[in-house]
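See structure below.
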Amino acid sequence: MPAYAPAEIEARWQKAWEEAGLFTAKEDPEKPKYYVLEMFPYPSGRLHMGHVRNYTMGDVIARYKLATGHAVLHPMGFDAFGMPAENAAMASGGHPKDWTYANIDTMVDQMKPLGLSLDWSRMFATCDPEYYGQQQALFLDMLEAGLIDRKPAVVNWDPVDMTVLANEQVIDGKGWRSGAEVEKRELTQWFFKISDMADELREALDGLDDWPAKVRLMQENWIGRSRGLQFAFDVVGEEDKQIEVYTTRPDTLLGASFVGIAADHPIAKELEAVNPAVAAFCAECRKGGTTAEAIEKAEKMGLDTGLRVRHPADPDWELPVYIANFILMDYGTGAIFGCPAHDARDLDFARKYELPVISTYVPVDGEITLPEDGGEAYVPGKEEEVTYVKLLAGEEQQTGLAGIDAAIAWAEEKGVGTGQTKFRLRDWGLSRQRYWGCPIPVVHCADCGVVPEKKENLPVELPYDQGNEPIDFSIPGNPLDRHPTWRDVPCPACGKMAKRETDTMDTFVDSSWYFTRFTAPRAETPTEMEAASYWMNVDQYIGGIEHAILHLLYSRFFARAMIKTGHLPEKSAEPFDAMFTQGMVTHAIYKSEKGGRPVYHYPEDVTLEGGKAYVGDTEVEIVPSAKMSKSKNNVVDPNAIVSQFGADTARWFVLSDSPPERDVEWTASGAEAASKHLGRIWTLSDKIAKMEEEAPGQARGADDETLLREMHKTIRDVTLGVESFGFNAAIAKLYAFTATLSKSKASPGAQREAIMTLAQLMAPMTPHLSEEVWTLQGGEGLCAAAPWPVADEAMLVEATVTLPVQINGKRRDEVTVPKDMPKDELEALVLANEAVQRALDGSSPKKLIVVPGRIVNVVV
RNA sequence: GCCUGCGUGGUGGAAUGGUAGACACAGGGGACUUAAAAUCCCUAGGCGUAAGCCGUGCGAGUUCGAGUCUCGCCGCGGGCACCA
């Protein structure tokens with residue numbers, strides 16, 4: 001018998017599947033459809049174990065659904081625009097396009113040996129002009145439908161690289177690449193009007209039952225709905241001037257002691273123009289970093305403007321107006337009223353500037369030191385009961401929430417303000433001053449203004465060269481800005497020479513609709529309604545938790561926008577029926593120290609012995625379960641694993657041990673164990689095949705029944721495991737059944753039935769080995785195409801059951817009885833039990849609990 | 001600070017309120033071998049010779065029965081964050 005040789009086997013079966021066209025998605029009205037999708041990768045050029053785990057999970061589902069008679073769509077593509085390609089071009093002088101497509105080729109070559117059941121005929125990359133041209137068409141439709149806005153926005157500007165930076169790219173107030181001090185600049189940018197849909201996007205989360213609760217919650221917090229009161233303070237002496245504020249705690253209105261405005265508030269800007277002290281202060285405020293630590297450390301700073309406003313509840317009560325550094329212009333109205341007694345931040349501020357502290361309520365239960373007496377600010381929960389010490393709207397004692405409602409009602413009745421719901425979610429700025437992205441298809445004309453490009457002119461394709469010269473990516477700024485032949489075009493409206501928009505789209509746009517494009521990847525329109533109606537929605541989406549907020553939220557917005565513009569059916573407002581967030585693949589770091597600096601050792605240089613790690617004779621530190629990182633020398637290359645053990649081993653290992661939503665640690669010993677197990681199955685299959693030849697047609701005995709009962713239980717458990725993302729538990733059952741089978745004395749026929757079923761149950765995880773076993777045992781056609789085994793209910797019912805016998809809830813013994821033994825007989829049997837007799841010691845039990853088929857509990 | 005999730009052997013982890021520790025790794029013992037590797041078998045929560053006792057972060061509670069439900073602590077992780 002030849003040894004288990006995955007390299008040869010796997011290539012052969014991958015070819016067989018391809019020739020059979022098994023994974024080409026075909027619309028079939030006779031079958032239920034199933035669309036399973038893993039988040040498509042960025043073509044970094046390097047497949048990592050996280051990809052392998054992600055795609056293997058999707059593949060298990062896809063293969064299982066195929067075997068259960070579904071028309072399956074399981075596509076793959078590449079999220080191919082973005083900064084790394086430009087950075088690579090800057091670093092090594094190549095072209096982002098060449099770099100990207102070369103990487104895609106490499107990654108496809110790395111993915112194919114994994115034996116994934118992908119429909120490669122639908123593959124595309126978002127940097128294909130055929131894709132981004134349709135994205136431009138979508139942009140134009142959305143623009144026309146009023147879903148897109150153009151407005152000024154404050155951005156982080158890197159003056160050296162001459163580009164806008166995302167918040168994450170600003171480190172300690174400096175550009176991440178250039179190291180230059182980042183400036184705040186106001187630029188006119190394009191925005192998707194996602195905030196208009198904030199409430200809808202929030203409410204629809206409730207319907208996403210098959211999403212992780214955690215993801216729904218993260219989205220809900222991100223959208224950040226709050227209810228409060230918006231009202232205006234009249235400025236003393238300037239009767240036409242008012243300051244609008246928004247508050248979620250209008251119940252504390254009588255505790256107001258100042259009004260604060262942001263440095264970018266219109267009134268602050270007005271004062272800034274005439275008062276150098278104000279100008280200096282505002283400039284100082286704008287400098288502040290945006291990082292968490294910077295905010296933590298930043299001291300509350302304020303400047304008295306000299307303006308005074310009237311309290312809405314008492315025209316004789318005047319409050320000072322401060323410009324303060326902790327007030328944000330882009331939330332609410334950019335102005336607040338400060339209530340030091342009930343807000344920790346306002347209390348800090350009030351103490352620093354010696355402003356009054358006025359408690360408006362105190363807790364019903366418990367004693368506190370009032371903030372005016374040096375205590376902390378008292379902020380009750382919305383359900384907490386409070387006693388009012390100052391009355392605004394007739395309240396005396398009620399919950400915080402009722403107080404808020406009463407205060408809003410009071411304000412509305414008096415005509416002071418209105419109750420309003422606000423959201424934290426802001427519009428999605430999509431403009432990027434970069435080359436390697438989807439060009440925004442508009443033209444700026446001196447006469448006509450901003451003019452959308454004509455659809456027949458799409459795609460607005462990125463220029464590869466600059467005339468006859470290659471584009472120089474080493475010059476700071478956007479190459480499209482200094483590309484006259486691309487930039488200068490006739491106005492689509494009047495025909496006069498005008499300038500093309502040189503900004504490109506945020507790469508999140510590319511990934512917000514790709515899953516719809518897979519339903520008709522070569523269509524001349526963004527989607528085809530018929531195909532989209534058939535395949536949408538994505539039945540199961542799988543990806544990392546890092547995309548829990550932005551990518552999924554943007555996709556949900558896009559689905560709604562595509563319905564409004566006629567590119568998706570109504571049913572697809574929520575495009576992902578079920579979502580699963582998988583954990584990472586981690587690996588230990590082997591660390592030592594040399595000259596005070598850490599040294600990271602490659603796993604292949606490390607010897608493991610008795611739970612300790614050595615390099616040569618020196619023990620090194622093991623840091624378990626660390627994220628794989630090139631700089632820590634703990635990256636495991638999937639291709640190396642596939643060449644060493646085969647794809648089936650890699651697939652089997654990443655699914656075993658840890659539950660899919662948690663991290664799994666890659667260990668060499670674990671991978672070897674997986675490989676050995678697959679080898680054992682190979683050997684077992686061979687043994688069973690020979691047994692049949694040597695002793696055909698033996699009668700089935702009791703051993704057959706035992707084996708087949710175990711087989712049907714395994715079918716039930718594995719099926720359940722696969723359907724509920726319990727892959728690790730399913731694999732444990734498969735291990736157990738393999739052990740049962742290898743020890744079984746059942747007839748050759750029964751053993752063959754068992755191993756063929758085992759092959760089928762393993763096929764979603766180890767498809768190549770399964771085909772091999774299937775064929776050897778005389779299975780017809782491809783194992784991957786064979787119908788999924790169904791557990792026989794009759795075989796799941798045992799004739800006898802073993803019941804644990806508990807005394808006072810602790811297990812003391814067990815009895816094996818016929819399954820349907822009458823209750824009184826069972827009771828008698830239990831009472832006669834030796835352990836029970838001993839515990840009873842002559843007395844009679846206080847209580848006897850019998851749960852049929854489960855347990856017996858004697859209470860003494 | 002607010003919101004959240006999680007604490008089970010040496011390790012990863014099983015367990016519809018019903019026999020805690022399935023399955024796997026690492027460990028220990030053995031068979032085969034001159035030896036090693038490979039393979040196979042046995043063992044394995046702790047204490048105890050044993051009967052038995054104790055055990056799911058800690059403390060209470062509900063229940064005939066709690067890893068699972070409730071409350072309060074402690075510890076670790078994730079998300080958001082000068083958001084009014």
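By convention in this document, chain letters (A, B, ...) are assigned in the order of the sequence lines, proteins followed by strands, and residues within each chain are numbered from 1.
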I want to verify a distance call: between [options], whose nearest atom is closest to the [X] side chain?
| X | options | answer |
| --- | --- | --- |
| A/Arg680 | B/C80, B/C40, B/U19 | B/C40 |
| A/Asn728 | B/A14, B/G12, B/G18 | B/A14 |
| A/Ile855 | B/C40, B/C54, B/U19 | B/U19 |
| A/Asn221 | B/C3, B/A24, B/G13 | B/C3 |
| A/Leu217 | B/G13, B/G79, B/U4 | B/U4 |
| A/Arg345 | B/C83, B/A81, B/C25 | B/C83 |
| A/Thr247 | B/A84, B/C80, B/C83 | B/A84 |
| A/Ser669 | B/C23, B/G18, B/A26 | B/A26 |
| A/Asn857 | B/C64, B/C82, B/A84 | B/C64 |

Comparing A/Gln806 and A/Lys810 on RNA chain B - which has the more 5′ nearest nucleotide: A/Gln806
Whichever of A/Ile336 and A/Trp222 has its nearest RNA chain B nucleotide further upstream toward 5': A/Trp222
Establish, with yes or no, whether the OP1 or OP2 oxygen of [N] is under 4.0 angstrom from a side-chain nitrogen or oxygen of [X].
| X | N | value |
| --- | --- | --- |
| A/Arg811 | B/G18 | no |
| A/Lys847 | B/C64 | yes |
| A/Arg424 | B/A81 | yes |

Centroid separation A/His342 to A/Tyr361 less than 6.0 Å: yes
Sub-6.0 Å ring centroid separation between A/Phe349 and A/Phe326: yes
Using the [atom1] atom in both, what is the distance from [N] to [M], to the nearest Å?
| N | M | atom1 | answer |
| --- | --- | --- | --- |
| B/G46 | B/C32 | P | 29 Å |
| B/G10 | B/C58 | P | 14 Å |
| B/A20 | B/G45 | P | 14 Å |
| B/G78 | B/G13 | P | 16 Å |
| B/G67 | B/U8 | C1' | 7 Å |
| B/U43 | B/G9 | C1' | 15 Å |
| B/C42 | B/C47 | C1' | 24 Å |
| B/G79 | B/C73 | C1' | 24 Å |

What nucleic acid atoms does [X] come within less than 4.0 Å of, heavy atoms only: base, sugar-phosphate, or nothing?
| X | value |
| --- | --- |
| A/Thr248 | sugar-phosphate |
| A/Ser656 | nothing |
| A/Ile849 | base |
| A/Glu814 | base |
| A/Ala673 | sugar-phosphate |
| A/Val851 | base |
| A/Ile327 | base |
| A/Lys676 | sugar-phosphate |
| A/Arg812 | sugar-phosphate |
| A/Tyr735 | sugar-phosphate |
| A/Pro659 | sugar-phosphate |

Measure the distance from [atom1] on [X] to [atom2] on [N] and round it to the nearest whole Å.
| X | N | atom1 | atom2 | value |
| --- | --- | --- | --- | --- |
| A/Arg227 | B/A84 | CZ | P | 15 Å |
| A/Leu803 | B/G18 | CG | C1' | 11 Å |
| A/Arg249 | B/A84 | CZ | P | 11 Å |
| A/Glu661 | B/G12 | CD | C1' | 14 Å |
| A/Tyr331 | B/C80 | OH | C1' | 13 Å |
| A/Leu720 | B/A14 | CG | P | 15 Å |
| A/Trp666 | B/U11 | CH2 | P | 23 Å |
| A/Ile731 | B/G12 | CD1 | P | 18 Å |

State whether [X] and [Y] are salt-bridged, where the test is any N-O pair (Lys NZ or Arg NE/NH1/NH2 against Asp/Glu carboxylate O) under 4.0 Å.
| X | Y | result |
| --- | --- | --- |
| A/Glu798 | A/Lys713 | yes |
| A/Lys352 | A/Asp348 | no |
| A/Asp199 | A/Arg202 | yes |

Considering every strand shown, what is the Watson-Crick or G-U wobble mate of [N] when both distances are under 3.5 Å?
| N | value |
| --- | --- |
| B/C2 | B/G79 |
| B/G10 | B/C25 |
| B/A20 | none |
| B/U70 | B/A60 |

Audit row: A/Met762, A/Leu678, side-chain contact (heavy atoms from CB on, under 4.5 Å) steps and yes/no: CA-CA 10 Å; A/Met762 287 177 68; A/Leu678 300 189; 3.8 Å; yes
Spacing of OG1 belonging to A/Thr738 relative to CD1 belonging to A/Ile681, to within rounding of 0.5 Å: 4.0 Å
Pairwise distance NZ(A/Lys214) to CD(A/Glu661) - rounded to 0.5 angstrom: 10.0 Å
Donor-acceptor pair (no angle test) under 3.5 Å: A/Lys300 side chain, B/C82 base: yes
Among A/Tyr4, A/Phe653, A/Tyr735, the one residue meeting ring pair (Phe, Tyr, Trp, His ring centres under 6.0 Å) with A/His677: A/Tyr735
A/Leu803: which of A/Thr816, A/Leu826, A/Leu829 passes side chain to side chain contact (heavy atoms under 4.5 Å, CB included): A/Leu826
Anti versus syn assignment for B/G9, with syn defined as within 90° of 0: syn
